[in-house]
Amino acid sequence: METGEDYRDAVLPREQWEKRQFVGCDFAEADLRWLRTRGCTFDDCDFTKTDLGESWHEASAFRSCTFDRTVLADTTWSGRSFLGSSFVDCRMRPMMLRETDFSLAALGGAKLRKMNFAGLRFREANFTGTDLTEADLRGADLTGARLSGARLEGADLRGAKIDANGLVQAQLRGAHVDLDTAVAYAAAHGLVVH
């Protein structure tokens, strides 16, 4: 286990890390392009201005980490967790995400237009002011997510779990929903559905 290590400004492209543990490590402004991780954990690590472009992560966890102006473009994330992590002004498009958990993550104000989040978990995530226009959120779990001012125009929400507050707070014009979500939306807006 590596605790409190300083990787600031490190140049480590094409590294391959397996089953490593990092706690409170500083990766700020590091060059980690093409990094490959498998079964690694990162807890309370700082990735401010880090370049993770074209990296690949399988069954790795980034819990309570800070991603501030981080390059995450062209990355692949599979079977991993961003539990409680925060994302500020990051380059996130395009990204490939499979079986990824963003529970309690802070994504407020992020530009996530047309991204594929189908089947992902966003329980109690913060999407305040986030642009999710035309995003694919089919089957996603948005239970308890803060969606105040979130733009979901044209998004595909069929099969997604969204509670009443989210249905009232988000901008949903033109969103694609299933019958259950349509009824929940009507009820959240005070209509009596028979």
Side-chain angles (χ1 to χ4, degrees), residues 1-112 115-130 132 137 140-147 150 161:
M1 179 185 299
E2 299 182 46
T3 303
E5 294 294 325
D6 186 358
Y7 291 94
R8 182 178 283 272
D9 295 317
V11 179
L12 301 167
R14 300 192 188 279
E15 288 280 310
Q16 295 189 22
W17 297 343
E18 190 163 339
K19 296 181 181 175
R20 292 177 67 177
Q21 296 177 332
F22 301 88
V23 178
C25 294
D26 186 354
F27 293 94
E29 300 189 42
D31 180 353
L32 300 175
R33 289 173 292 164
W34 304 291
L35 172 68
R36 302 289 184 253
T37 68
R38 183 187 302 255
C40 293
T41 59
F42 299 83
D43 292 296
D44 297 306
C45 293
D46 185 359
F47 292 92
T48 298
K49 294 185 180 178
T50 304
D51 189 347
L52 283 162
E54 299 181 66
S55 61
W56 177 84
H57 309 274
E58 182 179 353
S60 292
F62 293 75
R63 297 178 293 239
S64 298
C65 292
T66 300
F67 297 90
D68 185 347
R69 294 162 286 164
T70 307
V71 176
L72 298 167
D74 296 310
T75 54
T76 300
W77 309 83
S78 178
R80 50 128 348 274
S81 171
F82 283 119
L83 180 70
S85 291
S86 64
F87 299 83
V88 178
D89 294 329
C90 295
R91 275 191 42 212
M92 300 177 79
R93 292 175 38 204
M95 279 175 95
M96 181 176 288
L97 300 156
R98 290 181 298 237
E99 299 173 27
T100 302
D101 186 352
F102 283 92
S103 292
L104 299 170
L107 294 149
K111 293 172 179 60
L112 306 173
M115 288 189 63
N116 184 351
F117 296 120
L120 302 186
R121 188 173 182 173
F122 294 100
R123 294 182 135 243
E124 298 183 42
N126 180 3
F127 285 108
T128 303
T130 301
L132 290 155
L137 288 155
D141 186 353
L142 295 155
T143 307
R146 291 183 297 277
L147 295 166
K161 296 177 187 173

Quick one, [X] and [Y] - any side-chain contact, counting heavy atoms below 4.5 Å?
{"X": "T70", "Y": "L52", "answer": "yes"}
{"X": "M95", "Y": "M115", "answer": "yes"}
{"X": "F47", "Y": "T66", "answer": "no"}
{"X": "Q21", "Y": "E2", "answer": "no"}
{"X": "V88", "Y": "F67", "answer": "no"}
{"X": "F27", "Y": "C45", "answer": "yes"}

>> Test side-chain contact (heavy atoms from CB on, under 4.5 Å) on V23 and M1; report intermediate values, then the result.
In response: CA-CA 8 Å; V23 178; M1 179 185 299; 3.9 Å; yes
Apply side chain to side chain donor-acceptor pair (under 3.5 Å) to [X] and list each qualifying residue two or more places apart in sequence or on a separate chain.
{"X": "T48", "answer": "D46"}
{"X": "E18", "answer": "none"}
{"X": "S60", "answer": "T37"}

> Excluding sequence neighbours, so at least two apart, what forms salt bridge (charged side-chain N to carboxylate O under 4.0 Å, His left out) with R93?
Replying inline: none
>> Please enumerate all residues that pass salt bridge (charged side-chain N to carboxylate O under 4.0 Å, His left out) together with E58, with sequence neighbours excluded.
In response: R38
Say you draw a straight line from [atom1] of [X] to [atom2] of [Y]; how long is it, rounded to the nearest 0.5 Å?
{"X": "D31", "Y": "Y7", "atom1": "CG", "atom2": "OH", "result": "15.0 Å"}
{"X": "E15", "Y": "L32", "atom1": "CD", "atom2": "CG", "result": "8.5 Å"}
{"X": "S81", "Y": "L104", "atom1": "OG", "atom2": "CG", "result": "9.5 Å"}
{"X": "F22", "Y": "T41", "atom1": "CZ", "atom2": "OG1", "result": "8.5 Å"}
{"X": "S55", "Y": "L72", "atom1": "OG", "atom2": "CG", "result": "7.0 Å"}
{"X": "L97", "Y": "T75", "atom1": "CG", "atom2": "OG1", "result": "7.0 Å"}

Residue pairs passing the salt bridge (charged side-chain N to carboxylate O under 4.0 Å, His left out) test where at least one lies in [range], sequence neighbours excluded:
{"range": "residues 47-56", "answer": "R33-D51"}
{"range": "residues 63-77", "answer": "D43-R63"}
{"range": "residues 4-13", "answer": "R8-D26"}

Review item, side-chain donor-acceptor pairs of residues 118-130, under 3.5 Å, at least two apart:
{"residue": "R123", "atom": "NE", "partner": "D141", "partner atom": "OD2", "Å": "2.8"}
{"residue": "N126", "atom": "OD1", "partner": "T128", "partner atom": "N", "Å": "2.8"}
{"residue": "N126", "atom": "OD1", "partner": "T128", "partner atom": "OG1", "Å": "2.6"}
{"residue": "T130", "atom": "OG1", "partner": "L107", "partner atom": "O", "Å": "2.6"}
{"residue": "T130", "atom": "OG1", "partner": "G109", "partner atom": "N", "Å": "3.2"}
{"residue": "T130", "atom": "OG1", "partner": "F127", "partner atom": "O", "Å": "3.0"}

>> Quick check: closest heavy atoms across S85 and S64, and the distance to 0.1 Å?
In response: OG-N, 3.4 Å
> Residues two or more places apart in sequence or in another chain: which of them pass side-chain contact (heavy atoms from CB on, under 4.5 Å) with R14?
Replying inline: W34
>> I'd like to check the side-chain contact (heavy atoms from CB on, under 4.5 Å) partners of T76; sequence neighbours left out, ordered by chain and number.
In response: W56, M96, R98
> According to the interplanar angle, ranging from 0 to 90°, do the rings of F87 and F102 count as parallel (below 30°), tilted (30 to 60°) or perpendicular (above 60°)?
Replying inline: tilted
> Is there a side-chain contact (heavy atoms from CB on, under 4.5 Å) between L112 and M92 once you walk through the steps?
Replying inline: CA-CA 7 Å; L112 306 173; M92 300 177 79; 3.7 Å; yes
> What residues, two or more places apart in sequence or in another chain, satisfy ring-ring contact (aromatic ring centres under 6.0 Å, His included) together with W77?
Replying inline: H57, F62, F82
>> Tell me whether E99 at atom CD has more than 12 heavy atoms from other residues, nucleotides or ligands lying less than 6.0 Å away.
In response: no
>> For R91, is the CZ atom crowded, meaning more than 12 foreign heavy atoms sit under 6.0 Å from it?
In response: no
